[in-house]
Amino acid sequence: MPSQNPDVAVIGGGIVGLAIAWRLSQRGLHVTVFDAGRAGHEASWAGAGMLAPGGEVESASEWANLALESLGMYAGFVAELREESGESIDFRQCGATDIAFTADEWTRLQLRAGRQRAVGIVSDTADARPWNAEAALFYPNDAVVDPRDVVQALLTSCRQRGVEIREHERVLRVSPIGIETEAGLRAAGAAILSAGAWSGEIEIWGAAIPATFPLRGHLVGGDLAPGSLPSLVRHGHTYLLQRSNGFTIAGSSVERTGFNRTPDPEIARAIENRATALLPAFANAANKTTWIGFRPATENLEPQIRKLEGCPVWLAYGHYRNGILLAPATAARIAAEVTSGAASRVTSNWEKDWSSLHACR
């Protein structure tokens, strides 16, 4: 059992929740992370690890700005985490190549690139011959990271800093009397809701928060020679990326099927066929495997990163396909808000900060 109640309870131990816990602990707060399963082993564990606004951003928006901000933070985030945890993290700013096989596809890529340049996303024409394509664009700032490495490093650093990681302890609700879990009631000074696709299942007393649902995605991976795929490669909804050790990942699919954990062989086969059309060597990749993950979505497909009015609860969920990319910026924003100003102070008196039982909205 813990020796003290936490200043902050983080609900959800994925990459976003763990990054928030890490940043809060660096600011001197005592943090407890609650996870219904094994920390870091849901969407974060399943993610391919694309850090690629070039393949995600269509035009100017608040989300686009946040994505670029977070990408700009990533190299420093990884370097600091490596140094503090002592763990290795596979991170490469290898760029990404978008391929067009027809003149119409090339026109669409150019139009999108024009809108992206207005946001600050850099791209240029690339050699399409290696892909037997009509044309190609290269995004030099797009990057890849192994999210499993990041999660492991975050867990190590958090534990070294005294963060309590309570696995297999589902949070049921957050109310003026505290954090109610399957194991009982826990007091805290503030709460961060960061439970991914499960966030909407957790009751926040007196509040109607945006609902969440899982958008399932299939991925297929296998071993190729290291360095045989020097950059991210994209065509439409198909992508390929490679870890430093040669493990090559192809994706992906989007299915609204609830929390169905059984991979669909037909969907996996379709992904493999599309990937092989881009990279024929993928057909002979060794040790092929298929897995699925649950992207945390809201109805507008935009993340919720904000404080609830009138109570010491922050939302940090709904990152959809970009939880890995947005983790550094989300953690920095939440940690700064939690620890700044009288209105956002962290105390051990939960009810005192819950200014009105009906104001949390």
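Not measured: the values here are computed from a predicted model.
For Arg321 and Glu56, the salt-bridge test passes: some basic side-chain N is under 4.0 Å from an acidic carboxylate O. Salt-bridge formation is detected for the pair Glu272/Lys288: a Lys NZ or Arg NE/NH1/NH2 atom is positioned less than 4.0 Å from an Asp or Glu carboxylate oxygen. Between Glu58 and Arg115 there is a salt bridge, with a side-chain nitrogen of the basic residue lying less than 4.0 Å from a carboxylate oxygen of the acidic one. With respect to Arg148 and Asp90, no salt bridge is recorded, no charged nitrogen being found less than 4.0 Å from a carboxylate O. Using a 4.0 Å cut-off between charged side-chain N and carboxylate O, Arg23 and Glu80 make a salt bridge. Using a cut-off of 4.0 Å between Lys/Arg side-chain N and Asp/Glu carboxylate O, Glu164 and Arg159 are scored as not salt-bridged. For the pair Arg82 and Asp149, the salt-bridge criterion is not met [side-chain N within less than 4.0 Å of a carboxylate O].
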- Step-by-step side chain to side chain contact (heavy atoms under 4.5 Å, CB included) determination, Ile89 to Asp146: CA-CA 7 Å; Ile89 300 174; Asp146 188 337; over 6 Å; no

- Test side chain to side chain contact (heavy atoms under 4.5 Å, CB included) on Gln304 and Trp314 and set out the steps. CA-CA 9 Å; Gln304 298 293 314; Trp314 278 259; over 6 Å; no

- Mind running side-chain hydrogen bond (donor to acceptor under 3.5 Å, both in side chains) on Arg161 and Thr156 for me, showing each step along the way? CA-CA 9 Å; Arg161 288 185 165 275; Thr156 297; over 6 Å; no

- Query: Could you walk me through whether Thr97 and Leu137 pass the side chain to side chain contact (heavy atoms under 4.5 Å, CB included) check?
  - Reply: CA-CA 6 Å; Thr97 304; Leu137 279 177; over 6 Å; no

- Would Phe77 and Trp22 count as a ring-ring contact (aromatic ring centres under 6.0 Å, His included) if you check the C-alpha gap in whole Å, the side-chain angles of each, and the deciding distance to 0.1 Å? CA-CA 11 Å; Phe77 176 83; Trp22 181 46; 5.7 Å; yes

- Test side chain to side chain contact (heavy atoms under 4.5 Å, CB included) on Arg166 and Arg186 and set out the steps. CA-CA 12 Å; Arg166 296 184 67 89; Arg186 295 290 303 277; 3.2 Å; yes

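Glu182 is not listed as a side-chain neighbour of His168, based on a closest heavy-atom distance of 4.5 Å or more. Here the side chains of Trp291 and Pro263 are not in contact, with every heavy-atom distance at 4.5 Å or above. By the 4.5 Å heavy-atom criterion applied to side chains, Val145 and Val150 are counted as neighbours.
A distance of 7.0 Å separates NE2 of His235 from CG of Leu278, quoted to the nearest 0.5 Å. Leu66 CG to Leu71 CG: the interatomic distance, rounded to the nearest 0.5 Å, is 11.5 Å. Between the CG atom in Asn245 and the CG atom in Leu224 there is a gap of 10.5 Å [rounded to 0.5 Å]. Note that the OG1 atom of Thr257 and the CG atom of Asp264 stand 9.0 Å from one another [nearest 0.5 Å]. Taking CZ from Arg108 and CD from Glu105, the interatomic distance works out to 5.5 Å, rounded to the nearest 0.5 Å.
Of the possible polar contacts, one joining the Gln93 side chain to the Asn141 backbone as a donor-acceptor pair under 3.5 Å is found. Formation of a donor-acceptor pair under 3.5 Å by the Thr330 side chain with backbone atoms of Ala327 is not found in this model. Not a single donor-acceptor pair under 3.5 Å links the side chain of Ser157 to the backbone N or O of Leu154. Formation of a donor-acceptor pair under 3.5 Å by the Arg216 side chain with backbone atoms of Arg256 is not found in this model. A donor-acceptor contact shorter than 3.5 Å is absent between the side chain of Thr181 and the backbone of Val171. Counting only distance, with no hydrogens or angles, the side chain of Thr212 and the backbone of Ala297 share no donor-acceptor pair below 3.5 Å. Between the side chain of Asp35 and the backbone N or O of Gly13 there is at least one donor-acceptor pair closer than 3.5 Å. Listed for the Ser44 side chain is no donor-acceptor partner under 3.5 Å among the backbone atoms of Gly14. In terms of modelled atom types and a separation under 3.5 Å, the side chain of Asp7 and the main chain of His30 share a donor-acceptor contact. Judged by distance alone, with hydrogens and angles left aside, the side-chain atoms of Thr298 form a donor-acceptor pair with the main-chain N or O of Glu302 at under 3.5 Å.
The shortest heavy-atom contact between Gln116 and Gly54 is NE2-O, 3.0 Å. When all heavy atoms are compared, the tightest approach of Ala191 to Ile179 is CB-CD1, 3.8 Å. Scanning both residues, Pro140 and Ser123, for their nearest heavy atoms gives CD-CA, 4.4 Å. Taking both residues in full, the closest heavy atoms of Leu51 and Val144 are given as CD1-C, 4.3 Å, listed atom of the first, atom of the second, then distance. Closest non-hydrogen pair, Gly189 versus Pro312, comes out as O-CB, 3.6 Å. When all heavy atoms of Val151 and Gly40 are compared, the closest pair comes out as CG1-CA, 3.7 Å.
Hydrophobic cluster membership differs between Trp198 and Val174, with clusters built from Ile, Leu, Val, Met, Phe, Trp and Tyr side chains linked at under 4.5 angstrom. When the side chains of ILVMFWY residues are joined at heavy-atom separations under 4.5 Å, either directly or via intervening members, Ile165 and Leu24 end up in a single hydrophobic cluster. Placement of Ile20 and Leu81 within a single hydrophobic cluster is found when ILVMFWY residues are connected by side-chain heavy-atom separations under 4.5 Å, directly or transitively. Note on Ile292: it does not cluster hydrophobically with Leu241, by side-chain heavy-atom contacts below 4.5 Å among ILVMFWY residues.
Among the candidates Trp45, Phe259, Phe213, the single residue satisfying the ring-ring contact (aromatic ring centres under 6.0 Å, His included) test with Phe294 is Phe259.
Taking a 6.0 Å sphere around CD of Glu83, one finds it holds 12 or fewer heavy atoms contributed by other residues, nucleotides or ligands.
Applying the side chain to side chain contact (heavy atoms under 4.5 Å, CB included) criterion to Glu203, with sequence neighbours excluded, gives Arg173, Trp205.
Side-chain atoms of Arg27 and Thr339 form a donor-acceptor pair, as typed in the model, at a separation below 3.5 Å.
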